[in-house]
Amino acid sequence: MLLFHGGLTAFPSGFLGVDVFFVISGFLITAIVRADLVAGKFSFADFYVRRLWRIQVALLAVIAATLLAAAIFYLPDDFNVYFKSAMQTIGLTSNYYFAKTTTAYAATGSQTLLLLHTWSLSVEWQWYVLMPVTMWLLYRYASPRQTRVVLLLALVAASILAVRQPVMHGDAAYFWFSSRIFQFLFGATLAVLIEGRPKPSNALALNALGLLALALIFAIAMKPGVIADYPNPYAVMLSAACVMVLWMGGNEQSWVSRVLSLAPVVFVGDISYSLYLWHWPIFATWRYLQLPETGGCLLLCFALTFLLGYLSYRFIEQPYRRLRPGFGKSLAVLVVVPLVAMAAVFGVAQKYAFFPGRFGPELAYVNGTLDKYDPPLRRHCLQGRGTNGGNVDPHYLDVCVVGKKDVPVTGLMIGDSYSNQYWNFIGLLSNAAGISVASLATPSCLALPGVTLYNWYSINYQQYRVCEDRTKHYYSIIQSHQFKYVIIGENWVYYDFAAVVNQPGDPQSRELGQARMEAAVRHALDIITATGAVPVVIKGAPVMPPDFEGCFYQHFKLREKTGGTDCTLSSNKNQTEIWYDQLFERLKTRYPSLVLIDPRLVQCSGATCMTTYQGVPIYRDTGHMSDYGSYQLGQRYLQTQPNPFTNSGSTPAAVPSR
């Protein structure tokens, strides 16, 4: 796993190390609890005290170190994220926090989160809550045979659930305990099955089987693409192979046992927990600062990992794991007090906007300017908060409104999160025209009737059906209300043509997708114009260059005096953008009332498009425009281009009150 997080391509699926850990943990902890139950000395309080002092002390040391690193290097917004993740980590629920706040475990944006790796410790603690109670109940009320049957059935059911959840719920399932319990059950089932039975013999066939299982683990770790829809069948294969290795390792004379008994392997095993704790923050900080990842730099990171790992093991893990205070005192000292303390520090940091002054007055000006243009309702009107299942709550047609506030709603803006980014832009244009527009959006949703996306990006079809349902309701609202303007805003180039289908099972290709896309836009315009509304399409703005955030913010992180002024963006269009230009021109001929809004007209000049305005970024993340940028481009549009909501037809009809 260290090799994977270090970016070494030899193990593109090295993240599987945590899966191995879950299986081993399921085996060892179950065996310990079962042995204590048989000996009549099991105590829930003693179990949790031992676990707390084994795990939490070193973890708290890492949290203290990462708090210091974040305070020195992490920009205010990222410092905010760090505090939230630290509180969730101390509270043993960071896996669900990261499931909600990351696009995926291996996503580029996740690689600088200082405590991302603690998700597995939270999963481990959730296993500790469930397993002792389950084992105690089985020991008391079930026979050994019934216990084995129950665990085997639970293992099968949990494995089926695990491989289904990513298909149904996407990348978030990677972090869920319900998606990982099968791996603990693999180990736990082995512990119960071999209980009281002789160790495996040293037969040649069994030794070969053990080495084959070990080879399978490495083969899966070296196979690219395994992380897609994970946990998947590879996770089940890996867990089964781990069980075989554990079983064969029980014979001290076996080949597997001899390999695992080598001094270097034993040493790494002894300090493995501390290695796991310290390696990720080192690599995350390095990548956050965008320092070079040359061979020498990676060796330095690995050396620092082993140094801190050994010191942590020697001076933190070993001394404190022997302590045995009472359960209440242990819980207070290792969970409650640190959590309250972190929450208090978070409250102070939040009050002072996470101390932008750490980086000098320039960043304080930038952040203050960005905050000034942040409309609180924009986020509220994106995705689930403005919807009820697949339907749009009619209440939000009155709440999610931009433009002139004291007139009835006469326009509707729909689309993906890139329509939501135009909140301030459309607000300025509609306010100048004396109208108001309801703005609703669904992230990563092509809001066009009659089409869907299949095998697209990281969003599977089951997830994308939410977009389908909401799109149907958008057009139902359009047909049932008397809007004067209906605006469609999309990041058009984001959607892969080959993924565009009318329904799953349709043949897929770029050419077919283009034809379906054009038909879908025409269908949308037919519905809109049939109601008497004016259709408005926002053409795609230039997408933020992938290195912009590093270019603009790097000099702040490194405390350099200058920087962020040469983050240029070419105005050249790719083939997809040119295709959409041609499409919209054809549609303009067929639908004379169609209004096109092109943000490039005010963002681009000559060979470049601006990425900052008066020293402040007009982008807010990997692709979206900042609220400040949306406002400034709207102002420039009003100054240089015709207002699309002025002199475009008869007096707008008000939307009937709801």
Side-chain angles (χ1 to χ4, degrees), residues 99 103-107 159-174 176 178-179 224-236 382-384 387-392 414-419 440-479 488-528 540 575-576 579-580 583:
T103 55
Y105 171 71
S159 299
I160 294 173
L161 175 66
V163 298
R164 288 293 301 161
Q165 292 210 103
V167 177
M168 300 298 296
H169 303 289
D171 291 321
Y174 181 93
W176 294 349
S178 57
S179 300
V226 171
I227 201 169
D229 288 336
Y230 201 84
N232 52 32
Y234 284 111
V236 179
L382 182 64
Q383 199 182 21
T387 58
N388 179 15
N391 295 326
V392 178
I414 60 174
D416 58 14
S417 58
Y418 290 82
S419 70
L440 300 173
T442 304
S444 298
C445 179
L446 186 61
L448 297 173
V451 292
T452 188
L453 296 178
Y454 192 73
N455 289 338
W456 173 70
Y457 192 46
S458 62
I459 300 178
N460 57 57
Y461 179 61
Q462 284 80 0
Q463 294 172 275
Y464 202 77
R465 290 183 64 182
V466 174
C467 168
E468 289 184 34
D469 293 339
R470 290 172 182 164
T471 297
K472 290 176 183 176
H473 202 217
Y474 287 151
Y475 287 91
S476 174
I477 291 172
I478 291 169
Q479 291 174 313
I488 303 175
E490 300 279 351
N491 182 14
W492 300 99
V493 298
Y494 181 48
Y495 302 100
D496 180 16
F497 285 126
V500 178
V501 296
N502 299 119
Q503 58 187 4
D506 285 347
Q508 295 178 256
S509 70
R510 178 180 175 86
E511 292 73 20
L512 289 172
Q514 288 176 331
R516 291 163 182 156
M517 179 70 78
E518 180 168 352
V521 176
R522 289 176 182 271
H523 189 187
L525 297 180
D526 286 338
I527 294 173
I528 294 168
Q575 289 185 344
T576 301
W579 183 87
Y580 275 110
L583 168 64

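Please read these numbers as outputs of a predicted model, since none were measured by experiment.
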List in chain and number order the residues that pass side chain to side chain donor-acceptor pair (under 3.5 Å) with [X], two or more places apart in sequence or in another chain; answer none if no residue qualifies.
X	value
Gln508	none
Asn455	none
Glu518	Arg522, Arg586

Heavy-atom side-chain contact between Val451 and His523 under 4.5 Å
no
Would you give the length of the straight line joining atom [atom1] of [X] to atom [atom2] of [Y], rounded to the nearest 0.5 angstrom?
X	Y	atom1	atom2	answer
His473	Thr442	NE2	OG1	12.0 Å
Leu446	Glu468	CG	CD	10.5 Å
Asn502	Tyr454	CG	OH	14.5 Å
Ser419	Ile414	OG	CD1	8.0 Å
Asp171	Ile227	CG	CD1	8.0 Å

Applying side chain to side chain contact (heavy atoms under 4.5 Å, CB included) to Leu448 and Met517, what does each step give before you reach the verdict?
CA-CA 9 Å; Leu448 297 173; Met517 179 70 78; 3.7 Å; yes
Nearest heavy-atom neighbours spanning Ala447 and Tyr475
O-OH, 2.9 Å
Contact summary for Ile527 and Pro449, nearest pair of heavy atoms
CD1-CG, 4.1 Å
If the condition is ring pair (Phe, Tyr, Trp, His ring centres under 6.0 Å), which residues does Tyr464 pass it with, not counting sequence neighbours?
none
So, using ring pair (Phe, Tyr, Trp, His ring centres under 6.0 Å) as the criterion, who are the partners of His169 when residues are at least two apart?
Trp176
Run the side-chain contact (heavy atoms from CB on, under 4.5 Å) test against Pro166 and tell me which residues pass, sequence neighbours left out.
Ala173, Asp229, Pro231
Summary of salt bridge (Lys or Arg N to Asp or Glu O under 4.0 Å) pairs that have at least one residue in residues 497-516, sequence neighbours excluded
none
Are the side chain of Tyr418 and the backbone N or O of Trp492 linked by a donor-acceptor pair below 3.5 Å?
no
Compile the donor-acceptor pairs under 3.5 Å between side chains in residues 493-501 and protein atoms, sequence neighbours left out, one pair per line.
| from | atom 1 | to | atom 2 | distance (Å) |
| --- | --- | --- | --- | --- |
| Tyr494 | OH | Ser444 | OG | 3.4 |
| Tyr495 | OH | Asp416 | OD2 | 2.6 |
| Tyr495 | OH | Cys445 | N | 3.2 |
| Tyr495 | OH | Cys445 | O | 3.4 |
| Tyr495 | OH | Glu490 | OE1 | 3.3 |
| Asp496 | OD1 | Ala498 | N | 3.3 |

Under the side-chain hydrogen bond (donor to acceptor under 3.5 Å, both in side chains) definition, can you give me all pairs with a residue in residues 159-168, not counting sequence neighbours?
Gln165-Ser178, Gln165-Ser179
